[in-house]
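Below is one structure, written out as structure tokens; the observations come after it.
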Amino acid sequence: MSDTANEREIRLGKLARLREIGYDPYAVESFPFTETAENLKDTTAQREGEVVPFAGRIVSRREMGKSQFLHLSDGADRFQIYVRKNDIDDAAWEALNLLDLGDHLGVVGSLFITKTGEPSLQVSELKPLSKSLHVVPIPKQRGEEQWYGLTDTNVRFRHRHLDLITNPDARRTLVDRSRIVTAVRRCFNAWGYLEVETPMLQQEAGGAAARTFSAHYNAYDLEVDLRISLELYLKRILCGDIPRVYEIGRVFRNEGVSNRHNPEFTLLEFYEAYADLEVMMQRVEDLFRTVATEVFGSPLVRIKRESQDGDIVSEDVAGFSEDEVVLDFGKPWRRVDLLSAIEEHSGLTAEDLSSLQNAKAALKNRNVVNPVTGKRINAEEERHLGGLIEKLLEVFVEPHLQEPSFVIGYPLETSPLAKKDPNRPGFTRRFEGYVLGREICNAFSEINDPIDQRERFQAQMAERASGDDEAHPMDEDFLYALESGMPPTGGCGIGMDRMVMLLTGARHIRQVMFFPMMRPEGHAPDED
RNA sequence: GAGUCGGUAGCUCAGUAGGUAGAGCAGCGGCCUUUUAAGCCGCGGGUCCUGGGUUCGAGCCCCAGCCGGCUCACCA
């Protein structure tokens with residue numbers, strides 16, 4: 001991004017002149033005012049003549065010789081000011097004329113309504129508060145309509161401040177995200193959970209299957225990994241008789257980027273002693289209902305799909321139309337048994353799914369195809385039944401999980417931290433929540449049998465030895481904690497970014513990340 | 001990673017058949033003391049993503065690459 005040198009020089013020249021005449025914008029430290037543009041607009045009619053201060057970014061300007069109208073934006077809304085040469089001294093008038101769209105301006109004036117009916121402020125004092133040294137893309141608008149603005153997603157993601165200035169949706173998403181996170185915290189605090197923080201730099205990152213980022217710690221001359229989950233440290237706190245904890249924190253996974261993956265993302269995990277799967281499902285239902293109600297005013301969340309560039313917004317419940325989805329977080333989520341769901345949607349039988357051998361044979365002989373791609377399911381590389389079952393879940397079941405749903409009963413091999421299901425060998429007491437076909441949470445009854453946990457880790461080590469470099473590492477410190485005794489515990493993880501995507505209708509994780517990972521411009525990736 | 005679409009002025013975009021780049025907004029100069037996508041007159045502004053190639057001549061055609069969007073794949 002570069003402005004023409006000319007543009008910048010012109011503005012630097014104006015800045016120099018502002019300083020000469022005693023209106024150095026950067027010298028100002030404060031400009032107190034309390035009312036929002038929206039509030040001023042709403043109350044001007046009742047307060048005509050009242051003198052009030054206001055400040056904001058100059059987003060429009062109409063000059064008429066010895067008077068001019070400008071709109072100042074406080075970010076959320078804009079308010080019109082009217083400046084007449086006769087109302088202010090000559091230096092102030094010159095200062096005003098040295099300002100550009102994009103500069104910040106503070107004014108004091110009296111409220112009035114113009115001939116055309118717009119609430120406005122007739123300015124008696126003004127003070128430039130900052131100068132923009134390059135052209136800020138300011139959208140033009142009339143009512144709800146908007147012209148121009150900034151549409152290049154490349155620029156929007158790399159220079160998010162411009163996106164926030166220009167696109168109301170970007171601003172709305174930021175506000176919504178903040179409110180959602182606040183509402184989540186309020187929920188857990190109300191339920192008696194303690195918010196804790198655990199190490200990001202770890203010697204052996206565990207709790208999930210993912211490749212790590214590494215770093216070097218100079219003082220101990222130690223190679224460390226950035227964490228990939230919160231799980232193991234949180235459970236060590238449970239072992240210390242803190243019965244309800246949660247953490248909302250950044251984790252780092254050294255994997256690819258997609259519309260729903262970013263290498264660093266925000267994970268919520270919560271653990272509750274003496275609680276099982278049922279309680280966890282209850283918590284998830286309560287959480288989504290409460291957050292939706294608190295942030296959007298209703299447990300009914302309306303997700304609207306907008307035209308071209310994939311921007312989607314969610315709004316309140318009024319005025320539905322056809323290309324919208326309405327999710328009701330007010331009612332209990334659907335509950336689905338994982339294996340039964342696969343049988344129902346794939347045509348495979350319980351017999352087929354009873355062993356890896358049978359499953360591979362059935363897929364081979366019966367020409368079972370992926371309903372989306374039409375291609376046959378390739379199961380040859382699967383090393384164990386659990387992996388194949390999860391793959392079948394993705395292909396056949398996920399598309400049917402549009403309504404908020406819990407899928408219950410995950411395979412043992414892919415659930416190294418979940419308690420075994422005593423009634424069903426090879427499966428665990430684990431569920432995942434799905435909404436609109438996407439995984440939204442992962443929960444289970446935590447293993448508190450240290451012998452079992454050790455065996456699971458050993459099984460993972462064997463996986464690792466046979467080539468799965470994402471298999472879970474052994475963690476002796478964690479096992480030592482478990483051996484000291486952890487009460488039966490339910491735990492759950494929710495990707496906050498995906499939760500925000502869901503509730504705000506964002507299609508791309510970059511819309512809710514604000515500063516997503518972007519490949520540097522003009523550099524090819526290194527050869528691997 | 002594959003397919004596909006896009007990258008032209010600060011922003012939004014156009015660019016015909018290959019003939020040496022345009023509009024609106026923004027900017028600069030002038031006029032205008034209730035305008036609101038203000039208006040009127042005048043002016044300046046370009047690494048046409050990058051690098052090769054074809055051609056007398058390339059924004060346009062060909063090749064390679066970069067960045068991004070979308071779809072798919074990968075991904076606890």
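Chain A is the first sequence line, chain B the second, and so forth, proteins listed ahead of strands; every chain is numbered from 1. FYI, side chains are in, hydrogens and waters are out, and symmetry mates aren't considered; it's all heavy atoms of this structure.
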Just to be sure I understand the rule, does A:Glu255 reach a base, reach only the sugar-phosphate, or reach nothing, if contact means heavy atoms closer than 4.0 Å? sugar-phosphate
Heavy atoms only, 4.0 Å cut-off, all strands: where does A:Gly493 land among base, sugar-phosphate and nothing? nothing
Take atom CE of A:Met474 as the centre, draw a 6.0 Å sphere, and report whether it contains more than 12 heavy atoms from other residues, nucleotides or ligands. yes
Both A:Phe157 and A:Gln80 contact RNA chain B. Which one's nearest nucleotide lies toward the 5' end? A:Gln80
Look at all strands and tell whether A:Ser258 reaches a base, only sugar-phosphate, or nothing, counting heavy atoms closer than 4.0 Å. base
Think A:Lys115 has a side-chain N or O under 4.0 angstrom from the OP1 or OP2 of B:U33? no
Quick one: CZ on A:Arg171 to OG1 on A:Thr166, what's the gap to the nearest 0.5 Å? 12.5 Å
Tell me whether the side-chain N or O atoms of A:Thr114 pair up with the base of B:U35 as donor and acceptor below 3.5 Å, since no angle test is needed here. yes
Partner nucleotide of B:U20 by Watson-Crick or wobble geometry (both distances under 3.5 Å): none
Within the 4.0 Å heavy-atom criterion, would you say A:Pro416 contacts the bases, only the backbone, or no part of the nucleic acid? base
Please list, by residue number, the residues of residues 85-97 of chain A whose heavy atoms come closer than 4.0 Å to an atom of RNA chain B; answer none if no residue qualifies. A:Asn86
Can you give me the N/O atom pairs linking the protein to nucleotides 4-8 of chain B at distances under 3.5 Å, or say none if there are none?
none

